[in-house]
Amino acid sequence: MKSLTAAAAALALLGATGAAQAARYARWFDNGAFIGTLSFDGRSVSVPETMTAVMKSGGPLGALNTSLDNFTGKLASDLNDRMAKEASSEAGVTFNGGNLGGPINLGISAQSGLLQVAFSGPSYSASVTGRRSWNGLSVSCTTDIRLNSIAFTFLYNPVNGTIQQVTQAQLNPTQNTSCSSSLSWIPVLGGFIDRYAANRVGGAAIEIANNAAAQISDKDNFGKLQLFGLINAIKPGQYVFDGVDYGSYIVNNFSYLLNTSAGINMTINPQIKESDYTHSPGSATLHYTPFSFNFFNQNHSFGFTLSERISYTEQELCDRTKPECTDPK
């Protein structure tokens, strides 16, 4: 039997609502490919790269995917660390964990030798629990916090790696609190939520900006634009149509194209959703686009997408509410 890897066989929950039992699946990796697609003025060419394991390959597209994973992973880690630190500073408050949702949008434009970067799009949800006691009465409240469409801008010097003029992040926070006591009016978590959302996000924005800046250019290599490894992912001789190597043209003229365009728009999708899978009896196929970018100047438009196509053997797991449930090993 094929080995059931942790990445390939994560249990999937499919659209259960109300009291209905969610369908659960185990998946075994069969085969897959990364696909790089470069477009120019409405025409495009695609280059596949075979995966050696789930989301892994030895080629440049696999390296680009790893760079994107590292970026989103560190972003989520920065936010979790910030939340955990703030929670620990409040008596009786515990951080339960958080999740980053996408997509992440990066708009990059040239400005007097610097890069103006507009960061927007992702959401972040987290849970904190607060416990307090008054005269022998204990109250425990759990708050689900959601930062909706985190957005801020900053200026970045690609040569020396410095960032400046980081704007106050727009968070659009919402929260929902439930308490184990009938005295639900007691503001156990109010001070923590207000201070995190209103005053402490500046530090988180700077951490995020530094994380993004490190992926945009390599300051140790004369500020060479790398754009999450995209420059290395587009290899000479691969993206050719009408006898022109447009991949090499974009890589070799990136600074010029950036300065003569209205800017670059990048989208990074940090999460695979169940809707990205298509199902047939005994199998599932993942179609997913973790990265895309596009820009245009007065003469031309360019674009590049990284997509993934993976085939799995799939088996529906049993309903655990039934005593005869025995999942496959």
Side-chain angles (χ1 to χ4, degrees), residues 32-49 51 55-57 59-76 100-110 115-123 149-151 153 156 208 211-217 225-235 238-241 246-251 253-255 257-258 261-273 275-278 285-297 300-310:
F34 295 108
I35 302 169
T37 301
L38 185 142
S39 61
F40 171 76
D41 287 352
R43 293 168 293 174
S44 64
V45 60
S46 296
V47 175
E49 182 176 287
M51 291 183 183
M55 309 296 184
K56 301 293 183 183
S57 75
L61 297 180
L64 172 59
N65 187 71
T66 298
S67 177
L68 297 169
D69 284 346
N70 290 341
F71 169 69
T72 56
K74 189 173 188 305
L75 174 56
L100 178 72
I104 300 168
N105 300 308
L106 290 173
I108 304 173
S109 58
L115 299 179
Q116 168 120 17
V117 182
F119 181 102
S120 66
S123 62
S149 189
I150 303 170
T153 63
Y156 170 58
I208 295 169
N211 186 12
Q215 296 292 341
I216 290 170
S217 79
L225 292 174
Q226 59 184 19
L227 301 175
F228 300 86
L230 173 65
I231 299 301
N232 294 325
I234 300 177
K235 294 298 184 182
Q238 288 189 316
Y239 300 94
V240 179
F241 42 92
Y246 285 100
S248 291
Y249 175 78
I250 289 176
V251 170
N253 296 279
F254 213 100
S255 294
L257 293 170
L258 176 60
S261 73
I264 300 172
N265 295 307
M266 292 184 168
T267 300
I268 301 167
N269 291 304
Q271 281 186 327
I272 295 174
K273 304 182 296 296
S275 58
D276 294 319
Y277 292 90
T278 56
T285 302
L286 171 68
H287 296 276
Y288 174 58
T289 301
F291 176 81
S292 64
F293 95 97
N294 62 80
F295 63 97
F296 61 91
N297 57 25
H300 302 291
S301 62
F302 305 87
F304 183 88
T305 62
L306 173 68
S307 57
E308 300 166 355
R309 185 184 66 245
I310 305 178

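One-based numbering along the sequence shown.
No more than 12 heavy atoms of other residues, nucleotides or ligands sit less than 6.0 Å from atom CZ of F296.
In this structure, the side chain of N269 engages the main chain of T289 through a donor-acceptor pair within 3.5 Å. Put simply, the side chain of S67 never gets that close to the backbone of A63: no donor and acceptor are under 3.5 Å apart.
Evaluation of the side-chain contact (heavy atoms from CB on, under 4.5 Å) rule for H287 yields T278, T285, R309 as partners, not counting sequence neighbours. For Y277, there are no ring-ring contact (aromatic ring centres under 6.0 Å, His included) partners, not counting sequence neighbours. Among residues two or more places apart in sequence or in another chain, the side-chain contact (heavy atoms from CB on, under 4.5 Å) test is passed with T153 by Q116, A118, T167.
Side-chain atoms of E49 and N65, non-hydrogen and from C-beta on, never get closer than 4.5 Å to each other. Between Y246 and V45 there is no side-chain heavy-atom pair separated by less than 4.5 Å.
Interatomic distance, CD1 of I250 versus CG of L38, reported as 4.0 Å (0.5 Å rounding).
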*Could you give me the CA-CA distance, side-chain angles and deciding distance for F291 and T267, then say whether side chain to side chain contact (heavy atoms under 4.5 Å, CB included) is met?*
CA-CA 6 Å; F291 176 81; T267 300; over 6 Å; no
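Between F302 and F40, the ring planes lie tilted relative to each other; the angle falls in the 30° to 60° range.
Between T37 and Y239, the shortest heavy-atom distance links the atoms N-CE2, 4.4 Å.
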